[in-house]
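Reading through the structure tokens given below for one structure.
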Amino acid sequence: MANQIRLLPENVANQIAAGEVVQRPASVVKELLENAVDAGATRIELIVKDAGKTLIQVIDNGLGMSPSDAKLAFERHATSKIKTANDLFDLHTNGFRGEALASIAAVSHVRLRTKTEKEELGTEIRIDGGEIKSNTRVQISTGTVIEVRDLFYNIPARRNFLKGNSVETRHIVDAFQRVAFTAPKIRFRLVHNDNEVFNLPPSQTDNLSANLRQRIVGIMGRNTNEKLVPIQEDTEILKITGFVGKPSHSKKKRGEQFFFVNNRFIKHNYLNHGVLNAFEGLIPPGSYPAYYLFLEVPPQSLDVNIHPTKTEVKFDNERDLYAIIRSTVKHSLGQYNVSPSLDFERDAGLDTPYAYKDKSTVKSPSIQVDKDFNPFRKEYSVAAGAKRKETLQQWEALYLDNGPEKELIHSIEVEAEDISQQLFDEKEGLDVLHTFQLHAKYVASSIKSGMVLIDQNAAHQRILYEDYLEKVTLEGMGHQQLLFPLKVTLTSNEINILKDVKTDLETAGFHIAEIGEDQITLDAIPVSIAEKQVDQILEELAGNIENEVPDTSFSQIDTIAKSLAKSLSIKAGTPLNSKEQESLVNKLFSCKEPNYSPSGKKTFITISIEDLEQQFNI
Ligand code: ADP
Ligand code: MG
């Protein structure tokens, strides 16, 4: 029998390889622009006709190629950028696979003109469908001009597969921008069907952040400048330089989200989530902040080669990177003070219950029994006890009042009574915050500029959420030991999810004695929740973890805090007395991020006096 296995002809192999590298005109644009950047050009021009379907031309003033290199450039695996496998780990260029030109040439008509500084005359090579048609000398200045015409002319199925011109143009513009961001010192120009779309001036400074800002403004428009919050962090495993958009300028569409790793554009869902997470509570759900973040990691910790087009990468230590990115962005947003502050009509000092604590010990001659007293608690003191109780009263009265455990509420309320009584006396004659409740759903209060309307459920969720997070990080949530172990029946999926976050659950106060196939046995639960609520909370928690966070191995404390806040918050339909209303208002506005509930719902709206006046003037 004759041999069955044959080597594919070179041009067929190239066509197949082309399928990986060249999916659409934008892929060609990316490869050609990157080659021009790698060639050290200071000016790069991209000229496109009919969304790249007719012509893609890139002109650069880089190093150019010698006649023999020009020919070699179209061979598969021909690259000047790596010589040994070790070089792969220390790449400072975009290309290295030596596949792009061969692939592009296999599926189009290519004309290359190029010249190095040393040569008088340049080289012109024409290739059709991977075959060299001519190789001549031309008059041309130093650099390279490459033209790619009629992409996929010899693969009609692929050509038909291309999208309409507007979609393909959008892809080209994206590819152009991504490269332009990585090289702010190069002038880039894009001309489409004889219209100049971009002409980006090179920046002159040696400061990466300043250069980047100029490039962002060049690409996104001049009014972007004031919307940028700088991001800068330098750790051993990650250096970050770049900008995020202010929360107030977030958009309904994704689109202005750019990650670059070691100066290469990448997409990374998990890290993207890290940035979005830092904006949580600052922007409404369904909107997206802009970001332009340049990450530098040791090349060894990065595997760029898992995808031929190289936008997907894998890091060794994604979770650490996630945490650094999230906290850096959060910190910068905080520093730039992007959360608005409200101008309540009264002395801010009065808003904090702590302000009263010293006075109250002086003024009250009555003996108080502190049922909270625990001599074993390290930080216990009379003042701390008072402060703690008072805080408890302010917070817990809010939800325990309508919670299932009436007795517990009662004891706390009675105990807290004396203190709030004192508070009340003290406050008499002072400017007390006036509030009232609407439809057992909203709490209204007067502020200097007009009025504020608070959604009681969303606000309370925010308050509880921050409280839990603080407690968990500072001291660990308190737990109540159960007299009899509590068995909670769940689905096996839920059990699996909760198993993964066992440690976090314990930090939050859920002590797990046993995990079975469809049952969890708890011997302690967080102080703030009642036994009856545990089923529902754990179910919700499992659901939230499954839906919200892409990587369940990441710390789930946040999700747990959210779920607890959601389950335990006062709901719409709960009447609040004036003390509770007042406490809600005070607590909300001493939150770090009062504007939105942990799940992104608005917690309050304000109506200005002018708005009101206008309403009456119609
Ligand atoms: P890679 O970029 O992965 O090396 P390419 O197929 O994109 O592979 O390019 C092959 C080689 O051709 C490059 O390594 C480089 O030496 C040369 N080359 C390509 N484009 C240019 C250019 N615009 N200027 C100078 N040399 C170029
Ligand atoms: Mg290349």
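Whatever order the structure lists them in is the order used to number ligands and atoms, beginning at 1.
Between E31 and ligand 1, no pair of N/O atoms sits closer than 3.5 Å.
Look at R137 and E120 and you find no salt bridge, because none of the NZ, NE, NH1 or NH2 atoms lies under 4.0 Å from a carboxylate O. A salt bridge does not link K30 to D174: none of the charged nitrogens lies less than 4.0 Å from a carboxylate oxygen. Salt bridge status for E280 with K562: present, with a side-chain N to carboxylate O gap under 4.0 Å.
For the 3.5 Å distance criterion, the side chains of E233 and H331 fail to qualify, holding no donor opposite an acceptor. For the 3.5 Å distance criterion, the side chains of S597 and S599 qualify, holding a donor opposite an acceptor.
Using a 4.0 Å cut-off between heavy atoms, A100 contacts ligand 1 through both its backbone and its side chain. By the criterion of a heavy-atom distance under 4.0 Å, neither the backbone nor the side chain of L32 is placed next to ligand 1. Contacts between T144 and ligand 1, counted as non-hydrogen atom pairs separated by less than 4.0 Å, involve the side chain only.
Heavy-atom proximity to A73, at under 4.0 Å, picks out these atoms of ligand 1: 10 (C), 12 (O).
Heavy-atom separations between L63 and ligand 1 are all 4.0 Å or longer.
Of the options F260, F265, F258, a ring pair (Phe, Tyr, Trp, His ring centres under 6.0 Å) to Y292 is made by F258 and by none of the others.
Between the choices L101, V58, I104, D38, the shortest heavy-atom distance to atom 6 (O) of ligand 1 belongs to L101.
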